[in-house]
Q: 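This is the structure I have questions about; it appears just below.
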Amino acid sequence: MKKFFIFDFDGTLVNTLDDSVIAYNESLKIHGKYGESVDKDCVDFDNFIENMAKDKEVLKTYREIYDKCNKIHTLPYPGINSMLERLDKSDSEVAICSNRIQNLLDDLTGKFFSTINFKYVIGQKMDGCRKPNPCLINGILNNETYKKDEIVYIGDRMVDIETAKNVGIDVAVVTWGQGNNKAYHDKYPIKIIRKSEEILSL
């Protein structure tokens, strides 16, 4: 039985993609690149991030727009809050480990999950350490006494699977986020999660 649940954030707990795509398309328009706009309903997240990083000017504008927008489409996925509340009230402990910049992660966690007692909320620091490098999760586990078979990392993408492999812990993959069939058919995850309440079965 798992006792320590570490969650990815974007695509696992919260849908942040829609507002990201809107901000990106706005930045493309500003730079006259109308033909490169992205359809949020069929975007491949990995390609989306890769293409965004190629143009530094577009990326800079995107960040300015995204930081200032009200993010009305950014919301927890269905059933996430009740699932976290049940875990929080059990003998289990919960944490977040994400590639999102720390201050933005803190803001969104406080906005959506203020009643959840996350033991850790760990995001990307200025030193650039990010998944799949195991440094972020190892930073958590170095302060814990859990056995590795008592821990599970829950994410939505191949980067989360690779992170868990690099740490040497189990991973479960959710299907409602930004993942793809490669992640859903990988042999490493102990469970593919299709509804949030299924996480409780771990």
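Model, not experiment: these values are computed from the prediction.
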Q: Apply side chain to side chain contact (heavy atoms under 4.5 Å, CB included) to K2 and D170, showing your working.
A: CA-CA 10 Å; K2 301 304 180 184; D170 286 333; 2.6 Å; yes
Q: Within the side chain of N143, is there an N or O that forms a donor-acceptor pair under 3.5 Å with the backbone of G139?
A: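 Side chain of N143 to backbone of G139: a pair is present.
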Q: Could you pull out the closest heavy-atom pair between P189 and D186, with the gap in Å?
A: CD-O, 3.3 Å
Q: Looking at residues at least two apart in the chain, or sitting in another chain, which of them share a salt bridge (Lys or Arg N to Asp or Glu O under 4.0 Å) with D88?
A: none
Q: Are the side chain of N15 and the backbone of L75 linked by a donor-acceptor contact shorter than 3.5 Å?
A: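 No, N15 side chain to L75 backbone: no donor-acceptor pair under 3.5 Å.
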Q: Look at R157 together with D8 and state whether they make a salt bridge at an N to O cut-off of under 4.0 Å.
A: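 Not counted as a salt bridge, because no side-chain N and carboxylate O are separated by less than 4.0 Å.
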Q: Check the pair Y77 / V174 against side chain to side chain contact (heavy atoms under 4.5 Å, CB included), numbers first and verdict last.
A: CA-CA 11 Å; Y77 288 101; V174 304; over 6 Å; no
Q: Do D55 and H31 touch side chain to side chain, with heavy atoms closer than 4.5 Å?
A: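 Contact flag for D55/H31 side chains = no.
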Q: For the pair I190 and L202, evaluate side chain to side chain contact (heavy atoms under 4.5 Å, CB included) and give the outcome as yes or no after the intermediate values.
A: CA-CA 9 Å; I190 60 170; L202 299 173; 4.1 Å; yes
Q: Should I80 and I116 be counted in the same cluster of Ile, Leu, Val, Met, Phe, Trp and Tyr side chains packed under 4.5 Å apart?
A: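 Linked, I80 and I116 end up in one cluster.
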Q: How far does CD of E64 sit from OG1 of T61, to the nearest 0.5 angstrom?
A: 5.5 Å
Q: Is it true that a side-chain atom of Q102 and a backbone atom of V121 form a donor plus acceptor pair closer than 3.5 Å?
A: yes
Q: Judged by atom type as modelled, is there a donor-acceptor pair below 3.5 Å linking the side chain of D67 to the main-chain atoms of L104?
A: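 Answer holds: no.
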Q: Taking the side chain as everything from C-beta on, heavy atoms only, tell me whether L84 gets closer than 4.5 Å to F5.
A: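 Not touching, per the 4.5 Å side-chain cut-off.
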Q: Measure the CG-CZ distance between D10 and R100 for me, rounded to the nearest 0.5 Å.
A: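 D10 atom CG to R100 atom CZ measures 4.0 Å (nearest 0.5 Å).
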Q: So which heavy atom on A53 is nearest to which on L59, and how close?
A: CA-CD2, 4.4 Å
Q: Would you check if the side chain of T109 reaches a backbone N or O of D106 as a donor-acceptor pair within less than 3.5 Å?
A: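 No, T109 side chain to D106 backbone: no donor-acceptor pair under 3.5 Å.
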Q: How far apart are the closest heavy atoms of F112 and T74, and which atoms are they?
A: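 Closest pair (atom of F112, atom of T74, distance): CZ-O, 3.0 Å.
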Q: Please test M83 against L87 for side chain to side chain contact (heavy atoms under 4.5 Å, CB included), starting from the C-alpha separation and ending with a verdict.
A: CA-CA 6 Å; M83 177 273 298; L87 279 179; 3.6 Å; yes
Q: Quick one: does L105's side chain get under 4.5 Å of I96's, heavy atoms only?
A: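 L105 reaches I96 side chain to side chain.
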Q: Got a sec: does the CG of N103 have more than 12 other heavy atoms crowding it under 6.0 Å?
A: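 Atom CG in N103 is crowded, with more than 12 foreign heavy atoms closer than 6.0 Å.
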Q: Counting distance only, does the side-chain N/O of N180 pair as donor-acceptor with the main-chain N or O of A183 below 3.5 Å?
A: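 Such a contact is found between N180 side chain and A183 backbone.
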Q: Side-chain contact, heavy-atom cut-off 4.5 Å: Y66 with T16?
A: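 With C-beta onward as the side chain, the pair touches.
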Q: Taking C-beta and beyond as the side chain, do K191 and S201 meet within less than 4.5 Å on heavy atoms?
A: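 They are in contact (side-chain heavy atoms under 4.5 Å apart), so the answer is yes.
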Q: Nearest 0.5 Å, what's the CG-OG distance between L13 and S98?
A: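 Result: 9.0 Å between the selected atoms.
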Q: Provide the closest heavy-atom pair for N117 versus V94 in the form atom of the first, atom of the second, distance.
A: O-CG2, 3.9 Å
Q: Answer yes when E57 and K60 have at least one side-chain N-carboxylate O distance shorter than 4.0 Å, and no when they do not.
A: no
Q: Got V58 and M52 here, is their nearest side-chain heavy-atom distance under 4.5 Å?
A: no
Q: Between W176 and R194, is there a donor-acceptor pair closer than 3.5 Å when you use the side chain of the first and the backbone of the second?
A: no
Q: Is the shortest side-chain N to carboxylate O distance from D91 to K3 below 4.0 Å?
A: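 No, no charged N to carboxylate O under 4.0 Å.
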Q: Picking from D160, N166, T163, what satisfies side-chain hydrogen bond (donor to acceptor under 3.5 Å, both in side chains) with K131?
A: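 It is D160, the one option of D160, N166, T163 that forms the side-chain hydrogen bond (donor to acceptor under 3.5 Å, both in side chains) with K131.
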Q: So, K29 side chain and Y24 main chain: donor-acceptor pair closer than 3.5 Å or not?
A: no
Q: Testing the basics here: between E198 and I193, what is the closest heavy-atom pair and its distance to 0.1 Å?
A: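 That closest heavy-atom pairing would be OE1-CA, 3.7 Å.
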Q: Nearest 0.5 Å please: distance from the NE2 atom of H73 over to the OG atom of S20.
A: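 It is 11.5 Å, given to the nearest 0.5 Å.
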Q: Other than I122, what residues sit in its cluster of Ile, Leu, Val, Met, Phe, Trp and Tyr side chains whose heavy atoms are under 4.5 Å apart, directly or through others?
A: F4, I6, Y120, L136, I137, I140, L141, Y146, I151, Y153, M158, I161, V167, I169, V171, V173, Y184, Y188, I192
Q: Return yes if some donor-acceptor pair links the side-chain N/O of N25 with the main-chain N/O of S37 below 3.5 Å, else return no.
A: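 No: the side chain of N25 does not pair with the backbone of S37.
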Q: With distance as the sole test, does Q124 use its side chain to make a donor-acceptor pair with the main-chain N or O of N99 at under 3.5 Å?
A: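 Here the side-chain-to-backbone pair exists.
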Q: Mind checking salt bridge (Lys or Arg N to Asp or Glu O under 4.0 Å) for E144 and listing every partner two or more places apart, or none if nothing turns up?
A: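 K119.
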Q: At their closest point, which heavy atom of D156 faces which heavy atom of G177, and how far apart are they?
A: OD2-C, 3.7 Å
